[in-house]
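To start, the structure itself, in structure tokens.
Because the structure is predicted, anything quoted here is derived from the model rather than measured. Naming: A, B, ... by sequence-line order, numbering from 1 per chain.
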Protein chains: 2
Amino acid sequence: MAIREQVQASLGVLPGAEKKVAHAFLANYPSIGLSTIAELAALAGTSAPTVLRFVSRLGFASYPEFQRTLRADVQSQLMSPLERARSAGPASDNPALEASFAAIAANLQATVKAVPESEFEAACELLADHRSACYCLGGRFTDAIAAYMAAHLRIIRPNVSHFGGQTSTWRDQLLDVRPGDVAVLFDIRRYQSDLVRLGELLVERKARILLITDPWLSPIARSARVVLPCVVDANRTWDSSVALLALVEALIDRVSRAQGDAARARMQTLEDIHWNNLAGR
Amino acid sequence: MAIREQVQASLGVLPGAEKKVAHAFLANYPSIGLSTIAELAALAGTSAPTVLRFVSRLGFASYPEFQRTLRADVQSQLMSPLERARSAGPASDNPALEASFAAIAANLQATVKAVPESEFEAACELLADHRSACYCLGGRFTDAIAAYMAAHLRIIRPNVSHFGGQTSTWRDQLLDVRPGDVAVLFDIRRYQSDLVRLGELLVERKARILLITDPWLSPIARSARVVLPCVVDANRTWDSSVALLALVEALIDRVSRAQGDAARARMQTLEDIHWNNLAGR
DNA sequence: TCAATACTGTAATTTTTATTACAGGCATCA
DNA sequence: TGATGCCTGTAATAAAAATTACAGTATTGA
């Protein structure tokens, strides 16, 4: 089994700090693993001994041995016949749009691989916990995704809000955050310092953080309970948020299915209110 | 230029022992270069200082620097988007997520077929018209997509706003709409009556309407200048907005590329303001 | 609430690795 | 044939890396 799969398989049983190492490694495979312990530790936001414990848990006797294996992996992957027939999609009369969507499809595929089931399930559990409040917030562009998520989440569970508006009003909203509350943060590269800061404040208030980020891992990853990495690079001027949205929808769908009939009643009530302008019954 | 080509090019001018190093490197690219000097020297049948002189002659200040560059090379070759999708194969450790994303991918593919090039181009032209203002607005869930679009569009052109907030405030914002202005409406099934009504009001004010909707075509389609249908059915409790977002991103990308340098300057200025908190210069 | 356990980071230590200094060798050219 | 300049390897040194020991901090379970 290639190292990468080995790491993915181990994700479920790794302690927190080592899991960060695993994420950093997977996100920057293979180059970071060929670098030094110190660099990998820095990227993961942890310390050298943790990296060492990580490779030891994978079954390697030393870091150099880990690197030898990794080099062999890379060698075999890079030197095997690379060219592969691209699945020729059905013809379309819109080549520009087709190219654009093909890049997006590749993102989605890569994202599925980047998100391990254990993390996905952990995220769903956080979201399904009705006792704690749930706050969604994002950065400059991702704020819209956060709003979208809040709008849906609100339907299947109580106590959801969108930490919206200006940066300056965040502090006020922080007042209501209680220990154990769940904060869903969206942060992709060109990480906003104010968002990072807010993440820290949320941690101080003992909120549990679900971070949805890119494979470069926002600095917030250090404080997050669960991290879901999405591939956002689409060879454009700006990154693509499509994978984020797709992931959000998958989460919502998973949570709402898990809740079954209990939630269905709630949904029905809300729908009535929304479409009939009733004040409830 | 990639290191490998650089080495090949230098083969002619290298002294004997260094040429052996070059050959050993090329024959075992890239793994041996990621290993230690001693190993490379041994493989080449020469000594460590010769390896060092070799990398120095290539223009690197140190062996670690040589390795950094090599790692970057490997990374880009191995992890190009295409390769990334391929390498782990179709196997994923997250069947639920995979199924969900597969449905989305199907949506995207169907959407490409549903949007004719002529309509897509017409939409881009509307968005690229700097003389008229541009308003983005959506329904209950799609409002977030509208906000996302506005946030990006604002960067590449002036006079963009997001018709946001409560339904009741729409009327006020309507006052500013002038003949020829462009309104981007998002509306998918369970079409909101108030949104439809607003569409009619916009038409009365002689706005040009770009409608992004599902294949059932919102009633607004009748009054719209351009209609872009997106496939939203994903066999879930709610429809998926991913295709909408992907289409928005494709539009933004197309328009921003078309504008070229003129827009780039505007972007740069905005970025400066955003990241440095300058008031402009 | 307390004890036990597991996890994590700091700092010291050991080991490995890169780098430099130097001297012998080999060809080239006078 | 002898001197010059460029290659090359050995061995010493310096730098960096990996590893270990240990102590503090969360987490878990009773």
For residues 46-61 of chain A, which residues have at least one heavy atom under 4.0 Å from DNA chain C? T46(A), S47(A), P49(A), T50(A), R53(A)

Write down the distance between CG (L40(B)) and P (dT17(C)), rounded to a whole number of angstrom. 13 Å

Supply the atom-to-atom distance L210(A) CG to R225(A) CZ, rounded to the nearest 0.5 angstrom. 11.0 Å

Rounded to the nearest angstrom, tell me the gap between atom CD1 in I37(B) and atom C1' in dT20(C). 12 Å

Determine whether L202(A) and Y135(A) make a side-chain contact, defined as any pair of heavy atoms from C-beta on separated by less than 4.5 Å. no

Distance-only donor-acceptor hits, side chain of residues 175-186 of chain A, under 3.5 Å, sequence neighbours excluded:
unit_1, atom_1, unit_2, atom_2, d
D181(A), OD1, A133(A), N, 3.0
D181(A), OD2, R178(A), N, 2.9

Both P64(B) and K20(B) contact DNA chain D. Taking the nearest nucleotide for each, which residue is further toward the 5' end? K20(B)

Do L11(A) and L26(A) come within less than 4.5 Å of each other through their side chains, counting heavy atoms only? yes

Would R197(A) and E200(A) pass as an ion pair if we require N to O under 4.0 Å? yes

Taking the side chain as everything from C-beta on, heavy atoms only, tell me whether L228(A) gets closer than 4.5 Å to L251(A). yes

Give me the ring orientation class for H152(B) and F141(A): parallel if the planes are under 30° apart, tilted from 30 to 60°, perpendicular past 60°. parallel

Do F66(B) and V51(B) make a side-chain contact, defined as non-hydrogen atoms from C-beta onward lying under 4.5 Å apart? no

Note: chain B reaches DNA chain D at heavy-atom distances under 4.0 Å over the stretch, first to last nt, 5' to 3', of dC7(D) to dT10(D)

